[in-house]
Amino acid sequence: MSPLFVRLPNHLGDACMSAPALDLLAANGFVLTLVGRAWARDLFAAYPWATLALDGDWRKRASSLRASLGAAGPAARGLLLTNSFSSALDFFLARRPAAGYATDGRRWLLKPAFEVPLKWATGMHMVEYYYRLATDLVGTSSQPPAQLDLKVTDAGRARARAVLAAAGVPAPYLVLCPVAVGMHRGRVKAWDGFGRLCDELRAQGQAVVACPGPGEHAAVAAVLQDAAILPSTDVGTFAALLAGSRLVVANDSGPGHVAAAVGARLISVFGVTEPTRTRPWGPAVTLVGSERGWPRYEEVTAAVAAALSSV
């Protein structure tokens with residue numbers, strides 16, 4: 001059993017899309033320690049993997065890595081799912097080899113350095129990108145599964161039920177995720193039809209909930225004026241909340257990827273980002289819109305009606 005410290009992507013959606021790669025590594029004898037943001041502990045709480053939250057400046061990160069790698073034994077090494085020079089430098093300064101793609105001028109820091117797949121230039125999905133790196137390390141040539149299958153803990157499900165009960169939300173319920181943080185090439189990443197959609201769903205008698213992330217409550221409340229707005233939760237409880245829903249409607253954002261990862265039925269609304277690489281992955285996902293522009297409101301409501309009629 002070989003200890004492997006896997007540097008996770010920094011964004012929630014990308015971490016979800018790395019799940020098949022992590023499963024492949026674990027199935028091939030690697031004992032994983034996940035390295036990255038603090039929320040990774042909650043996101044992967046159902047797995048037997050240790051987690052190491054990296055924060056602070058480069059000195060603190062390298063020191064933390066060095067101590068953890070040293071405790072794991074001389075065979076412990078790293079694998080970088082990130083593309084950045086700085087993440088490779090962290091392991092280099094920790095004095096342990098790390099494998100990864102030869103990106104961002106960091107080839108000389110990696111051991112081994114894998115070439116970026118040729119398919120990346122023609123529209124490779126991020127799930128495939130991460131999975132290919134894992135197969136390169138393992139020495140296999142398999143393809144990623146059709147469903148991410150992110151596991152949720154029983155404790156997370158219990159917390160989700162408690163949050164819903166406290167808010168008086170009955171089952172079945174729908175989840176709307178109207179916020180998408182940041183801009184993409186100067187354009188807003190959030191669809192502007194969520195407020196109208198919420199009003200129409202409530203008029204139909206649907207129970208509609210939202211669960212804002214930290215600092216998002218005011219923005220969500222301004223858009224979804226007739227929804228049950230739950231308090232912010234940890235990522236594991238949020239994943240369980242999405243897994244128990246009848247339907248999720250989300251922008252191209254972290255919550256959409258979590259919904260797809262846990263197998264929730266999802267309407268994923270695109271308008272500025274590129275679905276080829278970053279669409280939520282899974283058979284229960286319906287994509288509406290594209291990087292060329294937002295869909296018409298009627299396209300989204302038709303997708304929602306079709307999804308609700310089939311569950």
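Every value quoted in this text rests on a predicted model; they were computed, and no experiment measured them.
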[X]: partners by ring pair (Phe, Tyr, Trp, His ring centres under 6.0 Å), with sequence neighbours left out:
X    : value
W120 : Y129
F194 : W191
H217 : none

Determine yes or no for a side-chain-to-main-chain donor-acceptor pair under 3.5 angstrom, with [X] supplying the side chain and [Y] the backbone.
X    : Y    : answer
T103 : N83  : yes
D57  : R59  : yes
S64  : R61  : no
R246 : P172 : no
H125 : V127 : yes
T237 : A160 : no
D104 : F85  : yes
T82  : S84  : no
S253 : N251 : yes
H257 : A15  : no

Checklist entry - Does atom OH of Y173 have more than 12 heavy-atom neighbours, drawn from other residues, nucleotides or ligands, at distances under 6.0 Å? => result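 Atom OH in Y173 is packed in, count exceeds 12.
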Checklist entry - Does CZ belonging to R77 count more than 12 external heavy atoms closer than 6.0 Å? => result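 At most 12 heavy atoms, drawn from other residues, nucleotides or ligands, come within 6.0 Å of this atom.
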Next on the checklist: Checking side-chain polar atoms at under 3.5 Å, does D136 have a donor or acceptor matched by the opposite partner on Y101?
Outcome noted: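 Side-chain D/A pair, D136 to Y101: absent.
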Examine [X] and [Y] and state if one hydrophobic cluster contains both, with Ile, Leu, Val, Met, Phe, Trp and Tyr joined whenever side-chain heavy atoms are less than 4.5 Å apart.
X    : Y    : result
L201 : L266 : no
V163 : V169 : yes
W49  : V258 : yes
L174 : V262 : no
V249 : V223 : yes

Checklist entry - What residue pairs, at least two apart or across chains, pass ring pair (Phe, Tyr, Trp, His ring centres under 6.0 Å) with a residue in residues 139-172? => result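 Not a single pair qualifies under ring pair (Phe, Tyr, Trp, His ring centres under 6.0 Å).
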Contact between [X] and [Y] at the side-chain level, heavy atoms closer than 4.5 Å - yes or no?
X    : Y    : answer
S141 : T135 : no
D192 : W294 : no
L224 : V208 : no
L89  : W58  : no
Q206 : L247 : no
L65  : R96  : no
M124 : R132 : yes

Checklist entry - Between C177 and P255, what is the shortest heavy-atom contact and its length? => result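 Looks like SG-CB, 3.8 Å.
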Checklist entry - So does D90 pair up with R7, basic N to acidic O under 4.0 Å? => result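 No, this pair does not count.
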Next on the checklist: Do the side chains of R277 and E128 get close enough for a salt bridge, i.e. N-O under 4.0 angstrom?
Outcome noted: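 A salt bridge is absent here (no side-chain N lies under 4.0 Å from a carboxylate O).
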Just how far is it from atom [atom1] of [X] to atom [atom2] of [Y], taken to the nearest 0.5 Å?
X    : Y    : atom1 : atom2 : result
L34  : S18  : CG    : OG    : 8.0 Å
F114 : L133 : CZ    : CG    : 6.5 Å
E216 : C211 : CD    : SG    : 9.5 Å
C16  : W281 : SG    : CH2   : 14.5 Å
D252 : F270 : CG    : CZ    : 3.5 Å
T301 : E200 : OG1   : CD    : 6.5 Å

Item to check | Aromatic Y297 / basic R196 pairing, under 6.0 angstrom, 45° off normal | outcome: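 Flagged: R196 positioned over aromatic ring of Y297.
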Next on the checklist: Running the 4.5 Å side-chain criterion over Ile, Leu, Val, Met, Phe, Trp and Tyr, what cluster does L24 land in, apart from itself?
Outcome noted: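 L24 shares its hydrophobic cluster with Y131.
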Next on the checklist: Between T233 and L241, is the side-chain contact (heavy atoms from CB on, under 4.5 Å) condition met? List the steps.
Outcome noted: CA-CA 10 Å; T233 70; L241 177 73; over 6 Å; no
Would you be so kind as to tabulate the donor-acceptor pairs closer than 3.5 Å made by side chains of residues 36-44, with sequence neighbours excluded?
{"residue": "R41", "atom": "NH1", "partner": "T51", "partner atom": "OG1", "Å": "2.9"}

